[in-house]
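Structure first, commentary second.
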Amino acid sequence: MQTIANKSKFMLLQLIRFGWGQALSCMFAVVIFAAMAFTHFIEVPFIPRYDFLLLVCIAMQWILIRTKLETIDELKVIIVFHLIGLALELYKVHIGSWSYPAEGWLKFGGVPIYSGFMYASVASYVCQAWRRFHLTISGWPPPIVSVALSAAIYLNFFTNHYVYDIRYFLMLALLPVFGRAVVRFTVGSRTYAMPMIVSYLLIGFFIWIAENISTYLKVWKYPNQEAAWHVVHWGKIGSWFLLIIISVIIVVELKRLKETLNGSGKRSDIIS
C-alpha cells in the first residue's frame, strides 16, 4: 500500500511539474489571451483595441528577451513564424475566410499587425517547451523531406480555394514521414516518450480551444459567427495540426542549420 501511495504521489508531482512547465512555455499566448479578455470587457481609451493588443505583444516580447526567458536565436524563429502567419492572415481575410471587425490604426488589408503575434506565440511555445523539457527526437526525416512537406502544407493553405484541397493527402503523407519519429521529454528526473504525430495533434487541439476563446471574445470572426457566436468547426483542428507541423519543422531545421554553420557535429539537442 505504501508503494502505491508513493507512486501516486510521484505521478501527481510529475503532473504538477509538467503543467507548470507547460504554463511557463505558454506565457506569450497567456498574456495575449488575457489582453483579449481585458479589451473585450473594458474599452481602452485613446487607442483602438487592435493597436492596444499590438503594444501588449511588443511589450511581452521585450520582457521575454530582457529577462532571458527567450534567446535571440529563439526570437529569430518567432519573427519568421510571425511573418509566415501574417502573410496567411492577409490572404485569408482577403478571400473572406474570416474577418477582423474592429477598427485599428495599424491595420492593412483588413488585418491588424498584432495578428502575426498569435502565430508567433505558437513558435514561442515550441521554442520554450523544447528548452524546458529538454526535447530530443528520434526518427526525424531528412531535411529535404521535412522542408518539402512543410512547404507543401503552407502552399496548400493558399491554393485550396482554387484547386483541389490536398490536406488529407498531406496528413496521409505524415505516416511514412513521421510515423517512426518519437519525441522524448524530461519532467523532473524522468524521461517520457510520445509519437511525434500524437504531439502534433494534441497541440493542434489545444490551439483550436484557444481559437474558440478568441472568437468568443470577438477578436476575429468566421462568416458563420457574424450573427451569433458558434463553436469553431472541429475541422479547424486539422488546420492547426498541419500548422503546428510547419512550426516544429522550422524550429528543428533552423537548429540543425545553426549547428551546421557552427561546424558542430553534435546534434543531441535535436536528434537522438
Side-chain angles (χ1 to χ4, degrees), residues 8-42 52-75 77-79 81-82 85 114-137 183-196 198-217 219 232 236-237 240-241 243-248 250-252 255 269:
S8 298
K9 183 178 179 181
F10 176 76
M11 290 176 63
L12 178 60
L13 180 60
Q14 287 292 87
L15 183 61
I16 292 172
R17 286 171 173 165
F18 179 76
W20 178 243
Q22 289 287 342
L24 290 176
S25 300
C26 291
M27 278 190 296
F28 204 156
V30 168
V31 168
I32 292 176
F33 282 111
M36 288 177 180
F38 177 80
T39 55
H40 176 69
F41 295 105
I42 299 175
F52 176 77
L53 292 174
L54 176 61
L55 291 179
V56 170
C57 291
I58 293 174
M60 184 58 187
Q61 186 66 79
W62 181 84
I63 290 171
L64 289 173
I65 295 297
R66 184 70 176 179
T67 58
K68 298 184 179 180
L69 290 173
E70 280 184 356
T71 67
I72 296 299
D73 283 340
E74 289 170 347
L75 177 61
V77 175
I78 290 167
I79 290 173
F81 211 65
H82 179 106
Y114 95 90
S115 64
F117 279 101
M118 293 189 292
Y119 294 85
S121 68
V122 175
S124 174
Y125 162 77
V126 173
C127 289
Q128 294 208 34
W130 198 295
R131 178 161 32 86
R132 285 193 172 87
F133 294 102
H134 308 288
L135 268 61
T136 60
I137 301 174
V183 58
R184 291 178 174 81
F185 57 98
T186 301
V187 181
S189 59
R190 186 73 61 87
T191 298
Y192 303 89
M194 178 185 296
M196 281 298 301
V198 174
S199 68
Y200 293 147
L201 186 58
L202 287 174
I203 297 172
F205 172 72
F206 283 108
I207 295 176
W208 176 76
I209 292 177
E211 184 178 33
N212 276 281
I213 296 172
S214 299
T215 54
Y216 179 78
L217 295 174
V219 178
V232 176
K236 289 293 181 181
I237 297 175
W240 288 115
F241 168 69
L243 198 64
I244 196 64
I245 291 172
I246 296 175
S247 181
V248 174
I250 289 174
V251 171
V252 172
K255 283 178 176 289
D269 65 328

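All residue numbers refer to positions in the sequence shown, counting from 1.
With sequence neighbours left out, F81 forms a ring-ring contact (aromatic ring centres under 6.0 Å, His included) with no residue at all.
In the model, Q128 has no side-chain atom that pairs as donor or acceptor with a side-chain atom of E74 under 3.5 Å.
Using a 4.5 Å cut-off on side-chain heavy atoms (C-beta onward), E70 and C127 make no contact. Put simply, the side chain of I250 reaches to within 4.5 Å of the side chain of V77, judged on heavy atoms. Counting heavy atoms from C-beta on, the side chains of I244 and V126 come closer than 4.5 Å. Between I207 and E211, the closest side-chain pair of non-hydrogen atoms is not below 4.5 Å. No side-chain heavy atom of V56 sits under 4.5 Å from any side-chain heavy atom of I32. Side-chain atoms of W130 and I137, non-hydrogen and from C-beta on, do get closer than 4.5 Å to each other. When side chains are defined from C-beta on, I246 counts as touching L243, because their heavy atoms get closer than 4.5 Å. Side-chain contact between F10 and R190 is present, with heavy atoms from C-beta onward closer than 4.5 Å.
Annotation for F33: atom CZ counts as buried by contact number, over 12 foreign heavy atoms lying within 6.0 Å.
The CH2 atom of W240 sits 13.5 Å away from the CD1 atom of I245 when rounded to the nearest 0.5 Å. Interatomic distance, OG1 of T67 versus CE of M27, reported as 6.5 Å (0.5 Å rounding). How far OG of S115 is from NE2 of H82: 7.0 Å, rounded to the nearest 0.5 Å.
Pairs passing the side chain to side chain donor-acceptor pair (under 3.5 Å) check and including a residue from residues 11-32, sequence neighbours excluded, read Q14-R17, Q14-Y192, Q22-Y125.
Ring planes of F185 and F133: perpendicular class, angle over 60° (limits at 30 and 60°).
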Side-chain donor-acceptor pairs of residues 34-42 under 3.5 Å, sequence neighbours excluded:
residue: T39; atom: OG1; partner: A35; partner atom: O; Å: 2.9
residue: T39; atom: OG1; partner: M36; partner atom: O; Å: 3.1
residue: T39; atom: OG1; partner: R49; partner atom: NE; Å: 2.7
residue: T39; atom: OG1; partner: R49; partner atom: NH2; Å: 3.4
residue: H40; atom: ND1; partner: L217; partner atom: O; Å: 3.1

